[in-house]
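Labels below follow one simple rule: chain letters A, B, ... track the order of the sequence lines, proteins then strands, and each chain is numbered from 1.
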Amino acid sequence: MDTRYDYGNLEDKTYAKWEKSGYFNPDICVRKGVTAKNAKKFSIVLPPPNVTGTLHIGSAAMLTIEDIMARYARMRGLKTLWLPGTDHAAIATQAKVESLLFKQEGKTRYDLGREAFLKRVEEFAKNSHDTIVRQMKKMGTSVDWSREAYTLDEKRSLAVRTAFKRMYDGGLIYKGSRIVNWDPKMQTTVSDDELEYLEEKTPFYYLKFGPFVIGTARPETKFGDKYVVMHPADKRYAEYRDGEKLKVEWINGPITATIVKDKAVDMKFGTGVMTITPWHDATDFEIAERHNLDKEQIIDYNGKLLPAAGEFSGMHINKARPLIVEKFKSLGLIEKFDENYVHNVAVNQRGGGRIEPQIKEQWFVSVNREFALPKSKIKGIKSGEKTTLKKMMKAAVKSNQIAILPKRFEKTYFHWIDNLRDWCISRQIWYGHRIPVWYKNGETYCGINPPKGPGWIQDSDTLDTWFSSGLWTFSTLGWPRETKDFSEFHPTSVLETGYDILFFWVARMILMSGYLLGDIPFHKVYLHGLVRDEQGRKMSKSLDNAIDPLEVSQKYGADAVRLSLIIGSAPGNDIKISEDKIRGYRNFATKIWNASRFAVLNFQPAKVKPKLTAQDKKRLAEVEALKKKVSRHLDEFDFNRAGGALYHYFWDVFADKVIESLKPRLNSENAADRAAAQEVLMKMLKEQLKMLHPFMPFVTEEIWSLLPENKNKLLMVEKWR
RNA sequence: GCGUCCUUAGCUCAGUGGUAGAGCGUUACUUUGACAUAGUAAAGGCCGCAGGUUCGAUCCCUGCAGGACGCACCA
């Protein structure tokens, strides 16, 4: 044994050993007798990384936490399944490929056409997938590769079509004309959750509208405005009656305006009066719906003005805006304007396009429509009882059937559900699951397979990527087929993921599993934080503060990276990391290596019966106590404390005190005492290696193979006890 | 507007109703046979501020200040 642990060469070798053993697969564990046939189950799905690129340090944190869970469960003798996969991440992946295509070849997706473009995306996704798999292996993830899934593969497609059909038949999926978030750049809708708001300084204009003054930050939408809205309780405008008509001089000449009284108006904002543009604003749309008002489209789907804009027709809104302002000015309709108004602009988080609300016919999942679960295993919802998706999603968590850790996120979850609106699930992008609906002569057919006969045309839209992700806990286990995996491993034991996708994903899994299975998808949700740099900033390429997990693993070993992501961070809190911290844990790996080296160098098989002293027994009892403590922490998902306790015991007690005190006895003339010292040393080391293994699998596995009598035995399936 | 979190050593962060912890950094000494990616010793903190509860508060409660975030609104 060298004085340094050569992680660079040994890690890959060790991973290959694990893979060859087959122990990542729970069935093989049972077959080879390392797991009991009737063992309890532990199952966890990997939050599938997006095939948009490579893993980042946040993914490394996720992999580490889940690997600790899986390895601990496996060593405790549970039948353990950690199921891997990747996500096609529809919008994100398509956006990435579109941008590459444009940069490298100056082409758009329309130049290639649907089929050829999809080929490109698939090629990109495949490459990205391969990189991700390589990276996962580098980090030591003990997933069962034989069950690997992809959100867009054949089996998952069947699950998606089945889910869609059942929800369609159940009346929960409907097609409707509603206001949606339209991304003119990517030419698709996106859901409310996929928006990001950017602050932007825009002039805010006060325009004369007959006897009123109305405020707007978007003069380019004002052409069709013919309703003027005020709060029914606003005394300033008491003289105007709901429905009253007046003649108003407006941008393209005189119009007839109608007074509308609605409580949506904030009396304190601006003048307390506004005109509405129902086609291009969600609030306005709702007012229009309530009062049954006309809606007129002003801006087309490319961001260009329509004939309603008069002479500005055909012009892009960005170009037209200053000209429109000029015209308002020349007509004397601008009362004043505020130059320093801060406006929130919605952009598509994944694709980057600036959102223009539009009314469009889309597919939605109704969250308030009533239905009954024929067989409910959800606490608080009885079989056959009327409920809604909202109520069902709440019940699963409220009843504590699903526990969210840390608990404070339960509040966030409820709050989100309270504000939830119908979920727009159709996208006009090409990469993704095609909606399983076909049309012919005004007829509509929804089915798992295409309808027979000629002339049917499939809906051209694809599904929101989270629709397929929502099925993940059971689509990966073979659903809708009745598989052994499904009956054995669902609901899964725990879902581990970042708090930033609580709504996107966690909530939608509860929705899907609840409706389709009448059951919860998992018993526990453990949320980790975002990984940030030492100044608490998000890691990004533009800041050049990103730590590449592969690069630092190469430099300091994957074990060191893993430990540095675990120790010193609490559940749900952001994780701060720096290269210094990683280096510190690399030193710990070296410490373990050298202490083990010492033990090996000083060990011979005992020829006499060891005579343990009282102190020896005390030390061995100490290790047992440590094991109890670490087990308790791990059972409570308190990885920070479990790892911390091990770190300190190994270094401060075992290395600094125990080894030092044993040194003279290891050279003792008294054979029984010498044997005792050796036994204590080896036993303590072995127990600690076992406990450290889930945290630092590589170095502990390598040392294990070097210990006496351990040839060909794998630490990863040693009994924890 | 509603809600959540954070404020602890120079930096980054854990933690607990009973005299404060880690990593990195700093200072001094030490190459003695596991390990200098180390060892020994040390410096360094009114645990944001002000009240309250308590025998006792860094921890529980209230208020304030600063920072971060989520949701809603943003005409």
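- In this structure, A:Glu200 reaches neither bases nor backbone, as no heavy-atom distance under 4.0 Å exists between it and the strands shown.
- Taking a pair as Watson-Crick or G-U wobble with both distances under 3.5 Å, RNA chain B forms stems of 3 or more consecutive pairs at B:1-7 with B:65-71, B:10-13 with B:21-24, B:26-30 with B:38-42, B:48-52 with B:60-64.
- Two residues are said to be in side-chain contact when any heavy atoms from C-beta on lie closer than 4.5 Å; A:Lys327 and A:Asn252 meet this criterion.
- Rounding to whole angstrom units, CG of residue A:Leu502 and P of B:U4 are separated by 15 Å.
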Distances for protein N/O vs nucleotides 39-43 of chain B N/O pairs under 3.5 angstrom?
{"from": "B:G39", "atom 1": "OP1", "to": "A:Lys591", "atom 2": "NZ", "distance (Å)": "3.3"}
{"from": "B:G39", "atom 1": "OP1", "to": "A:Trp651", "atom 2": "NE1", "distance (Å)": "2.3"}

Give each protein N/O atom lying under 3.5 Å from an N/O atom of nucleotides 14-17 of chain B, with the pair distance.
{"from": "B:A14", "atom 1": "OP1", "to": "A:Asn573", "atom 2": "ND2", "distance (Å)": "3.3"}
{"from": "B:A14", "atom 1": "O5'", "to": "A:Gly568", "atom 2": "O", "distance (Å)": "3.4"}
{"from": "B:A14", "atom 1": "O2'", "to": "A:Asn640", "atom 2": "ND2", "distance (Å)": "2.5"}
{"from": "B:G15", "atom 1": "O3'", "to": "A:Arg641", "atom 2": "NH2", "distance (Å)": "3.0"}
{"from": "B:U16", "atom 1": "OP1", "to": "A:Arg641", "atom 2": "NH2", "distance (Å)": "3.4"}

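- Pairs of residues two or more places apart, or lying in two chains, that qualify as salt bridge (charged side-chain N to carboxylate O under 4.0 Å, His left out) and include a residue from residues 582-594 of chain A are A:Asp580-A:Arg583.
- The side chain to side chain contact (heavy atoms under 4.5 Å, CB included) check on A:Pro697 picks up A:Trp18, A:Asp67, A:Arg71, A:Asp559, A:Arg562, A:His693, with sequence neighbours excluded.
- Shown here are the side chain to side chain contact (heavy atoms under 4.5 Å, CB included) partners of A:Phe328, two or more places apart in sequence or in another chain: A:Leu207, A:Pro219, A:Lys222, A:Trp250, A:Ile251, A:Ile324, A:Leu333, A:Ile334.
- For A:Lys657, the side chain to side chain contact (heavy atoms under 4.5 Å, CB included) partners two or more places apart in sequence, or in a different chain, are A:Arg619.
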Would you tabulate the pairs of protein nitrogen or oxygen atoms and nucleotide nitrogen or oxygen atoms of nucleotides 57-63 of chain B closer than 3.5 angstrom?
none

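- For A:Phe503, taking side-chain heavy atoms from C-beta onward, the closest of the listed nucleotides B:C71, B:A34, B:G3 is B:C71.
- Listed by first and then second residue, the salt bridge (charged side-chain N to carboxylate O under 4.0 Å, His left out) pairs involving residues 334-343 of chain A amount to none (not counting sequence neighbours).
- For A:Ala595, counting side-chain heavy atoms from C-beta on, the closest listed nucleotide (B:C71, B:U4, B:A34) is B:A34.
- Using a 4.0 Å cutoff on non-hydrogen atoms, no part of residues 223-238 of chain A comes near RNA chain B.
- Listed by first and then second residue, the salt bridge (charged side-chain N to carboxylate O under 4.0 Å, His left out) pairs involving residues 631-646 of chain A are A:Asp638-A:Arg641 (not counting sequence neighbours).
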Pull out every protein N or O sitting under 3.5 Å from an N or O of nucleotides 23-33 of chain B, one pair per line with the distance.
{"from": "B:C24", "atom 1": "O2'", "to": "A:Asp580", "atom 2": "OD2", "distance (Å)": "2.9"}

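- In the set B:A34, B:C5, B:C73, B:C73 carries the atom at the smallest distance from any side-chain atom of A:Thr283.
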